[in-house]
Amino acid sequence: MYNSMTRRREPLEVRDPGRVGMYVCGPTVYGQLHIGNFRCFVVFDTVARFLTAEGYTVTRVQNFTDIDDRMIERAQREHTTVAALAERYIAHYHEEAEALGILRAQVHPRATEHMDAIIRHIQGLVDSGHAYEVEGDVYFDVLSFPRYGALSGQRLDEIEAGARIEVDERKRHPADFALWKHWRPGEPSWPSPWGQGRPGWHIECSAMAETYLGMDFDIHAGGHDLIFPHHENEIAQSEAWHGGRFARYWLHNGMLTLKGAKMSRSEGNVMQVSSLRQRYAPQVLRLFLLSAHYRSPLVFSEELLQSAASAWARLDEAYGRLTVQGQAEEGAQALDRRLLEAARLAHENFYRAMRDDFNTADALAGVFDLAREINTSMGPGVGAAATRRLRGALREFAGVLGLEFTDPGELEPHFAAMIRQRELARGRRDWAEADRIRDELARAGVLLEDTAQGVRWRRA
RNA sequence: GGCGACGUAGCCAAGUGGUAAGGCAGAGGACUGCAAAUCCUUUACCCCCGGUUCGAAUCCGGGCGUCGCCUCCA
């Protein structure tokens, strides 16, 4: 898998055999989340699912940033408290995440619930000379950490030259960043050795990652836009205090763009998951997000979602064919063998692709290949054992990708009776009656397909 | 100005040295009472110009273009 730190693909070598500790930078919960935010969570949920399928015990930690400038600003504007705002949008996250099939992380820590660890960490940095206090603010001293810039490739003199940083005369270097911010009227605050105040943005992730995963944990993941300064600063804070390595592998997903620019809450060019969900099945949204490699930028468009919807229908219908057919005691040997071979090949291709830096787009190709084989060969003559194997294979692939097939269930008896009536009508070439019944069933959500092997039904 | 990514068919997209997966859309065909679904066939000067190599979409150099970061950001 590709490691942003080394800019190379590397084999996964975990700290503790059989275990993967993974920290995903979560959202700041000041408002609705958009599909671009969720690309990250879907991608790394898929990574976690895959690593689990590979036999690792995965501990995923995904935080909520529930105290920062925007939260304070939004709370004041809405005449509510920061805490209430956080509760509302954490619930919002969970609702949308569940709809998208994102598994709960083992831990969803919140910054405000880890003040002790945060303050201890800042104190450690102050004590070891990596941070300094100015008028109740505490800043990290980037010049005290020689490796600063290793992840992002930024050089301190260039950062200075960039001149996009507002000059704060109190800081020793323009790139020094706040670990602790002094209290101002109307803001939530916590007591600290430097007076009432609140943590800066980056320190919470260091403190929480260390709390739950320790140093030198396996995978630190997040959006590509977090590389600098957020992740760079996390590394500096953690490694300056503890020494050693903060995280082994850094994974960054590409941005989702809309109208030629990164989808961003501050830019306003967003598509809310909540509104997309009204028009597209969660599997469709997920398939769309996984249709490109996770590190590539991805363009959002309705056309692509339509395309994903058609693609998902293809897979779902192939799966449906497995549930309503293939019940023969003794299957046609040649056909069974052919299908089992297709399943074996799909399995091989799927996992090879996923092992290659989580190449979901490539992995999906194997799934579609299997779907075509099912569409070609599946019929009443296929044995039950082979059918079960195919169903298991498809469900396994879907499970790794976080997709769930529609289970058509048993056909209700009165629908079955209607289908039999229609067959009788067709037998006497009473097309008007046959079409009438078909239309009625369609309105009830049961679609009929007349095939060479007989009539087949599926749900709309 | 600095750091980084990307440019493959109408659209999306995989493919890191041996003449191009997969999906969507289109066209033609098969099947069908019709419909739907499905299957088959079909569409690529791999951004441009040089270079390395027996051989390059893949490596190197130079362009052009798009995007991200350098400020809150998944």
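Lettering follows sequence order; numbering is per chain, from 1.
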Which part of the nucleic acid does [X] contact within heavy-atom distance under 4.0 Å: base, sugar-phosphate only, or nothing?
X	answer
A:Leu447	nothing
A:Leu304	sugar-phosphate
A:His293	sugar-phosphate
A:Arg429	nothing
A:Arg9	base
A:Arg436	nothing
A:Asn253	base
A:Glu449	base
A:Ser291	sugar-phosphate
A:Leu448	base
A:Glu267	nothing
A:Gly260	sugar-phosphate
A:Ala361	base
A:Leu287	nothing

Base paired to [N] (Watson-Crick or G-U; both N/O distances under 3.5 angstrom):
N	value
B:G50	B:C60
B:A36	none
B:G26	B:U42
B:C31	none
B:G4	B:C67

Which one, [options], comes nearest to the side chain of [X]?
X	options	answer
A:Glu317	B:A37, B:G23, B:A74	B:A37
A:Gln154	B:A74, B:C72, B:C70	B:C70
A:Arg458	B:A14, B:A37, B:C39	B:A37
A:Arg372	B:G23, B:A74, B:A36	B:G23
A:Pro229	B:C70, B:A74, B:G22	B:C70
A:Ala311	B:A74, B:A21, B:C24	B:C24

Would A:Arg436 and A:Asp439 count as a salt bridge (charged side-chain N to carboxylate O under 4.0 Å, His left out) if you check the C-alpha gap in whole Å, the side-chain angles of each, and the deciding distance to 0.1 Å?
CA-CA 5 Å; A:Arg436 188 193 64 74; A:Asp439 291 346; over 6 Å; no

Using heavy atoms to find the nearest nucleotide of RNA chain B for A:Asp68 and A:Tyr2 separately, return the residue whose nucleotide is more 5′.
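The 5'-side residue here is A:Tyr2.
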
For A:Ala261 and for A:Gly222, find the nucleotide of RNA chain B with the closest heavy atom, then tell me which residue's nucleotide is more 5'.
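Closest to the 5' end, via its nearest nucleotide, is A:Ala261.
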
Which residue is it: A:Arg198, A:Arg184, A:Arg74? I am looking for the one with a salt bridge (charged side-chain N to carboxylate O under 4.0 Å, His left out) to A:Asp69.
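Running salt bridge (charged side-chain N to carboxylate O under 4.0 Å, His left out) over A:Arg198, A:Arg184, A:Arg74 with A:Asp69 returns exactly one hit, A:Arg198.
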
Take atom [atom1] in [N] and the same atom in [M], then report the distance between them in whole Å.
N	M	atom1	result
B:C45	B:C49	P	14 Å
B:C47	B:A13	P	14 Å
B:G7	B:U16	P	12 Å
B:A21	B:A14	C1'	6 Å
B:G2	B:G51	P	29 Å
B:U8	B:G65	C1'	16 Å
B:U19	B:C54	C1'	14 Å
B:G15	B:U58	C1'	9 Å

Grab the CE-P distance between A:Met378 and B:C39 for me, whole Å please.
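Going from CE in A:Met378 over to P in B:C39 covers 14 Å.
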
Whole angstrom value for the distance that separates C1' of B:A14 from CZ of A:Arg352:
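It works out to 13 Å between those atoms.
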
Think [X] has a side-chain N or O under 4.0 angstrom from the OP1 or OP2 of [N]?
X	N	answer
A:Arg314	B:C39	yes
A:Ser301	B:C11	no
A:Arg438	B:C34	no
A:Arg155	B:C3	no
A:Asn349	B:A21	no
A:Arg426	B:C34	no
A:Arg321	B:U38	no
A:Asn359	B:A14	no
A:Thr257	B:U66	no

Would you name the heavy atoms of A:Val82 and A:Pro188 that are closest together and state the gap between them?
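Smallest interatomic distance, heavy atoms only, reads CG2-CG, 3.7 Å.
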
Minimal non-hydrogen separation, A:Leu370 against A:Ala393, with atom names
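Looking at all heavy atoms of both residues, the shortest contact is CD2-CB, 4.4 Å.
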
Give a yes/no verdict on base stacking between B:G22 and A:Phe368: centres under 5.5 Å, planes within less than 30° of parallel.
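It does not: the ring fails the test against the base of B:G22.
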
Give a yes or no answer on whether the side chain of A:Trp183 reaches the backbone of A:Glu187 with a donor-acceptor pair at less than 3.5 Å.
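At least one qualifying donor-acceptor pair exists.
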
Strictly distance-based, threshold 3.5 Å: is any side-chain N or O of A:Gln283 a donor or acceptor partner for the main-chain N or O of A:Glu404?
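Looks like yes, one N/O pair under 3.5 Å.
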
From A:Ile419 CD1 over to A:Arg456 CZ, what is the distance, rounded to the nearest 0.5 angstrom?
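Here the rounded value is 12.5 Å.
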
Give, for atom CD of A:Gln421 and atom CD of A:Glu440, the distance between the pair rounded to the nearest 0.5 Å.
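So the gap between those two atoms works out to 9.0 Å.
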
With no hydrogens and no angle check, do the side chains of A:Asn63 and A:Tyr23 hold a donor and an acceptor under 3.5 Å apart?
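A pair is found: one side chain offers a donor N or O, the other an acceptor, under 3.5 Å apart.
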
Examine the side chains of A:Tyr93 and A:Gln62 and answer whether a donor and an acceptor come within less than 3.5 Å of each other.
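Side-chain D/A pair, A:Tyr93 to A:Gln62: present.
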
Check if the side chain of A:Asp435 and the base of B:G33 share a donor-acceptor pair of N or O atoms closer than 3.5 Å.
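Answer yes: a donor N or O sits under 3.5 Å from an acceptor.
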
